[in-house]
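The next block holds one structure in the form of structure tokens; read it before the comments.
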Amino acid sequence: MAGELVAGVDLGGTKILTVLADRSGRVLARVKVPTGARRGRDPVIDTIVDSVQEVVRQSGAPFSAVRAVGVGAPGPLDQDRGVVFLAPNLGWRDVPLGAILGERLGMPVWLENDANLAALGEHSYGAGRGESHMVYITVSTGVGGGIILDGRVYRGAGGGAGEIGHMTVAPGGPVCNCGNDGCLEAVASGTAIARRARALVDDGRGAGILAAAGGDPDRVSARAVAGAAAAGDAEALVIMRDAGRYLGLAVAGVINLLNPSAVVLGGGVMQSGAVLWDAMLEEVRRRALDSSLAAVRVTRGSLGGDAGALGAVALALTPEY
Ligand SMILES: [Zn+2]
């Protein structure tokens, strides 16, 4: 068994998910712990090391059976040198995470942008399996993406490819974290959906949404809006449909640009029911060119919150991705 196992780590702003898998990608053990980013850099790195050791201990395999570790970190980063350039959620800048972990764990450690790894996870083990040309989009608190072309992660000239969340879909619209206005993330993310609903509630409207949030304005979330929309609340329906339409604009653009065989959509907002999904698909059908539309499957991701960690497993097994 020596060297037959790999670990995959999904390093997020709030939690670290670590899995141990065999060569076929079968998960043998998993550990999920809070990131505790406020403790600073070194304690977080300690927690990653502990998680890898713990997941091996849980599996019952000897540590020597592990041959490599893949790590997904918030980008942008240099995957060749294993350096995280900037991760605001972690408070990190220019951290040589790959080298530090490699030394601590005594094995090769491969680093990649978390959205690219989620794409790789769905491509290797999930809804995009077998697709040579696949685009993955995750819609949760933010909007991210990863592109697989000819079976490989497409990173672009400087590692910045796939930032679909910052595609402008509503010029003059809400201002994005990146400073531009009308980015997809600013109009279709869970944060954007919740923000629009809160503005309604603050304005004395949105009674159905407020009820879905248990009557507490502080608990008005994208989930509450989705719940109200599913129950037929008119204001919630408008918000979810608009978010879906903006998403559809971006997906249609991606289909026309890349002619992928699959577009896989993951993240919590994509689990929010039929209203947003149907509005997205309607827009895609309206705007994608017929020939490309006929060639593409638009589908939900199948790995849920495990996509990133499983992508890290795929990376550890096949670093040349
Ligand atoms: Zn932006």
Side-chain angles (χ1 to χ4, degrees), residues 6-21 27 29-55 69-77 79 82-95 97-98 100-101 105 109-122 125-126 136-146 153 159 162-166 177-178 185 189-191 194 221-223 264-271 301 303-316:
V6 296
V9 180
D10 183 4
L11 168 61
T14 56
K15 53 107 186 121
I16 299 169
L17 173 62
T18 303
V19 302
L20 186 74
V27 172
R30 49 184 289 140
V31 170
K32 192 172 179 178
V33 294
T35 307
R38 264 178 280 176
R39 297 174 299 157
R41 185 192 97 161
D42 290 344
V44 171
I45 293 175
D46 289 344
T47 301
I48 297 172
V49 171
D50 290 347
S51 293
V52 172
Q53 288 167 344
E54 174 60 23
V55 85
V69 179
V71 180
L77 50 79
Q79 78 275 354
V83 176
V84 177
F85 289 141
L86 187 66
N89 287 346
L90 298 171
W92 288 12
R93 185 182 282 272
D94 296 330
V95 176
L97 184 62
I100 296 171
L101 287 177
L105 293 165
V109 172
W110 306 100
L111 196 65
E112 178 59 272
N113 170 281
D114 51 5
N116 285 351
L117 281 191
L120 189 54
E122 290 286 357
Y125 307 117
Y136 173 80
I137 303 171
T138 176
V139 187
S140 56
T141 50
V143 177
V153 175
E163 291 286 358
I164 192 168
H166 303 288
N177 286 328
C178 74
E185 179 165 298
S189 64
T191 310
S221 61
R223 189 185 295 259
V264 177
L265 294 121
V269 172
M270 298 318 300
Q271 303 299 324
L303 301 179
D306 286 357
L310 286 169
V313 162
L315 179 71

| Is N177 atom CG crowded by more than 12 heavy atoms from other residues, nucleotides or ligands, each under 6.0 Å away? |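 Not buried by this count: 12 neighbours or fewer within 6.0 Å.
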| Crowding at CZ, R93 (>12 non-hydrogen neighbours, <6.0 Å) |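 Counting other residues, nucleotides and ligands, CZ of R93 stays at 12 neighbours or fewer.
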Specify the closest pair of heavy atoms between [X] and [Y], including all atoms of both residues, with the distance to one decimal.
X: I48; Y: V9; result: CG2-CG1, 4.2 Å
X: A118; Y: Y136; result: CB-CE2, 3.4 Å
X: G13; Y: A37; result: O-CB, 4.1 Å
X: S140; Y: G267; result: CB-CA, 4.5 Å
X: N116; Y: G145; result: OD1-O, 3.9 Å
X: L117; Y: G72; result: CD1-CA, 3.3 Å

Minimum side-chain heavy-atom gap [X]-[Y] below 4.5 Å:
X: R30; Y: L17; answer: yes
X: D94; Y: F85; answer: yes
X: V44; Y: R41; answer: no

What is the distance from atom [atom1] of [X] to atom [atom2] of [Y], rounded to the nearest 0.5 Å?
X: W92; Y: L77; atom1: CH2; atom2: CG; answer: 11.0 Å
X: L310; Y: E122; atom1: CG; atom2: CD; answer: 9.0 Å
X: K15; Y: T35; atom1: NZ; atom2: OG1; answer: 7.5 Å
X: L120; Y: E112; atom1: CG; atom2: CD; answer: 8.0 Å

| request: Go through the steps to decide whether E54 and V33 satisfy the test side chain to side chain contact (heavy atoms under 4.5 Å, CB included), and finish with yes or no. | output: CA-CA 11 Å; E54 174 60 23; V33 294; over 6 Å; no
| Going through the distances and angles, do L97 and L11 end up as a side chain to side chain contact (heavy atoms under 4.5 Å, CB included)? | CA-CA 11 Å; L97 184 62; L11 168 61; 4.1 Å; yes
| field | G142 backbone acceptor or donor facing E185 side chain under 3.5 Å | value |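 Between the backbone of G142 and the side chain of E185 there is no qualifying donor-acceptor contact (under 3.5 Å).
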| message | Test your reading of the model: is there a side-chain donor-acceptor pair from T191 to the backbone of T141, 3.5 Å cut-off? | response |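 Yes, because the side chain of T191 sits within donor-acceptor range (under 3.5 Å) of the backbone of T141.
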| field | Stepwise side chain to side chain contact (heavy atoms under 4.5 Å, CB included) check, D306 with Y125 | value | CA-CA 10 Å; D306 286 357; Y125 307 117; over 6 Å; no
